[in-house]
Chemist: 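Below is one structure. I have some questions about it.
To find a chain, count down the sequence lines: A is the first, B the second, and so on, and within it residues start at 1. Quick caveat: nothing in here was measured; it's all calculated off a predicted structure.
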Amino acid sequence: MDRTLAFISIGAVTLILSGYAMPQWAVFLTTVSLCYGTVVLGMILLVRTGLVSFGHGLYFCLGAYAAGTLKPFFGLSELVFMLIAAILVTTITSFALGFLLRKYRDIFFAMLSLAFSMILYGLLSKSTELGSTDGFNVTAETAFGIALSELEYGRYLIFVITVGTSWLCCTLLHLYLLSNKGKLAEAIRDNELRVEYLGASVNNIIHINYVISAVLAGLGGALMSISIGHIDPEMSYWTTSGEFVFITIMSGSSSVIAPFLGAAVFTSIRSFAYEYSPDTWQLLLGVTMLVIIVFLPEGLWSLFSKIKKKGSP
Amino acid sequence: MTAVLRTKNLLKNFGAVKAADNLNITLESDTTVGLIGSNGAGKTTFLNMVTGYLTPDHGTIYFENENITGKSPRDITRRGVYRSFQIPQVFNTMTVKENLEISVSIGMNQPNYTKHIDETVNNESSIIKNSLQKFKLEEYQEKVASQLPEGTRKLLDISMALVMKPKLLLLDEPTSGVSAEEKFNIMDMVMNAVRSEKIAVLFVEHDMEIIKRYTDRTLAFFNGRVIADGLTNEVLNQENVIENILGSSI
């Protein structure tokens, strides 16, 4: 069996089992890490294709709003439908925007994606129907038809679904990266001209990868909105997208597990730094990034590769 | 022999410079043709037009009697026209084997290539193995492409095109940047591989020793025009070729 898949599955089962006994704050931190990790999964797919998006807050926010608006506009508060809505909205939007974005590379791709996320931020901030800058509360009343409020462990069930969704995304992305098409991401990063002259479409692959990464960001956003119970336009603000880039650089892109490790480190440092040093928590994050760039330029995951290399004869 | 490639009145200008001026060229299957010319004669422009990198201002390109003028490099490649480059275009961060695996995975699975790469590679392992053997790349197979000597990079570039089973192979200066000792070895390997597969080959070359040794027919370009086309020995002794391209007779 594939070792990565085995590790992901063992990790997911361990989280589900331990989540039952974990204190509430730890469950919350883990949930946030899983949501961020799911978004960053999509970011590493883009990084492997040679692209960095400074605007994935767009899909994070769209996913959250797609899930959150089901109740006020359609009277639906089933968790599964909320996730499906997030997938549909982010797929359609990214598919449409992909036609433009796939023509751009490097800083132009990054800034154009940022521009779209800020357009959404502007629209949501001015929309009184959607709570303007305050946003609104989101509640998933049922999950698979089971009423969450009546359930003693309703919050735990949401945690389990978050773990399950992250596991599924991680597994599917891992399999995709090992497929013929997935492998082309790295080939494109290396040499687009050669890929075209071998007969594959660079633009199509970039488009597909962009849509996949957007859907992952949307799912992350939807899960976040359900877990936290509140959404606001800040989810589309450039600082949110910046956090995703931060975690992506911190994680490294060599494994699908890396984003979850990076997200866990990021949310832990942020939470504890905010708790114990509320005025300087950004400074601590900056120092962390500096240390990682200097000592682990390929991200936290490269630490494991280095240990593995040292261990081999 | 049937014509694999036929161009009709091809024209391409870059501002005031005529890079292709009324080119009418026919290439038959299973032939090896050399393309010579001084710098700026339009050799690479011709290759770029045939492979879709450039669109001619006027004229038509037929590949196996199908009009391929203005089609994208990808579309033309899928029809069986492959090329190598003057500066080798390989995947620099990947190993030699991975470079070939990527080529095979694209080539063997058109248009649907969503299978697991290991499955494809296992199915086509003999192609990769043969290619590594033919081009003596076995000892380098686990080496990253960016660390290879220039001659080996050239071979990798050409072998990536050859694993795609081309009908027409266009080589842009296959021995440029390669030492004098290496060039015949490289060309021997390439031509052996090409002849065993009965592929039509057109290669651009500045080295007349290579042209004389490996081609039956030679095209000579000057200022975007064909000034000579015929048997290699005859073309290389033609007065206008000596005057405009060679400088002295060989």
Chemist: Within the supplied structure, the quantity of interest is the number of heavy atoms (other residues, nucleotides, ligands) at a distance under 6.0 Å from A/Ile293 CD1; does it exceed 12?
Modeler: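 Buried by this count: over 12 neighbours within 6.0 Å.
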Chemist: Could you check whether the rings of A/Tyr197 and B/Phe85 sit parallel, tilted or perpendicular, using 30° and 60° as the cut-offs?
Modeler: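 The arrangement is perpendicular - the two ring planes meet at more than 60°.
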Chemist: Passes side chain to side chain contact (heavy atoms under 4.5 Å, CB included), A/Leu184 versus B/Ile106? Steps please.
Modeler: CA-CA 9 Å; A/Leu184 284 182; B/Ile106 298 173; 3.4 Å; yes
Chemist: Name the region of B/Val90, side chain, backbone, both or neither, that has any atom closer than 4.5 Å to a heavy atom of chain A.
Modeler: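 The backbone, not the side chain.
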Chemist: If I take atom CE from residue B/Met94 and atom CZ from residue A/Arg189, how far apart are they, to the nearest 0.5 angstrom?
Modeler: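 It comes to 7.5 Å.
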Chemist: Which one, B/Asn92, B/Asn99, B/Thr93, leads in non-hydrogen pairs under 4.5 Å with chain A?
Modeler: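 Going by pairs under 4.5 Å, I would pick B/Thr93.
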Chemist: Would you say A/Phe99 has more than 12 foreign heavy atoms packed within less than 6.0 Å of its CZ?
Modeler: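 Yes.
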Chemist: Below 4.5 Å, heavy atoms only, C-beta onward: do A/Lys183 and B/Ile102 meet side chain to side chain?
Modeler: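 When only atoms from C-beta onward are counted, B/Ile102 and A/Lys183 do touch, with a gap below 4.5 Å.
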Chemist: Is it the case that over 12 heavy atoms from other parts of the model lie below 6.0 angstrom from the CZ atom of A/Phe81?
Modeler: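 No, CZ of A/Phe81 has 12 or fewer neighbouring heavy atoms, counting only those of other groups under 6.0 Å.
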Chemist: Has A/Tyr104 got more than 12 heavy atoms of other residues, nucleotides or ligands less than 6.0 Å from its OH?
Modeler: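 Counting neighbours around OH of A/Tyr104, 12 or fewer heavy atoms of other residues, nucleotides or ligands fall under 6.0 Å, so no.
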Chemist: Over all heavy atoms of both residues, which pair between A/Leu198 and B/Met160 is shortest? Give the atoms and the distance, please.
Modeler: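 Closest approach of A/Leu198 to B/Met160: CD2-O, 4.0 Å.
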Chemist: What part of B/Thr51 lies closer than 4.5 angstrom to a heavy atom of chain A: side chain, backbone, both or neither?
Modeler: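 When you check distances to chain A, atoms from both the backbone and side chain of B/Thr51 fall under 4.5 Å.
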Chemist: Can you establish whether the number of heavy atoms outside B/Phe14 located under 6.0 Å from its atom CZ is more than 12?
Modeler: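 Counting other residues, nucleotides and ligands, CZ of B/Phe14 exceeds 12 neighbours.
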Chemist: Under 4.5 Å from any heavy atom of chain A, what part of B/Ala161 do you find: side chain, backbone, both or neither?
Modeler: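 Contact with chain A is through both the backbone and side chain of B/Ala161.
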Chemist: With a 6.0 Å cut-off (strictly less than), is the heavy-atom count around NZ of B/Lys134, excluding the residue itself, greater than 12?
Modeler: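 Counting neighbours around NZ of B/Lys134, more than 12 heavy atoms of other residues, nucleotides or ligands fall under 6.0 Å, so yes.
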Chemist: Got a sec: does the CD of B/Gln141 have more than 12 other heavy atoms crowding it under 6.0 Å?
Modeler: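 Yes, because the 6.0 Å sphere around CD of B/Gln141 holds more than 12 heavy atoms from other groups.
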Chemist: Taking it one step at a time, do A/Arg194 and B/Phe91 satisfy side chain to side chain contact (heavy atoms under 4.5 Å, CB included)?
Modeler: CA-CA 8 Å; A/Arg194 184 79 227 195; B/Phe91 302 120; 3.7 Å; yes
Chemist: Any sub-3.5 Å donor-acceptor pair from B/Arg78's side-chain atoms to A/Gly199's backbone N or O?
Modeler: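 Looks like yes, one N/O pair under 3.5 Å.
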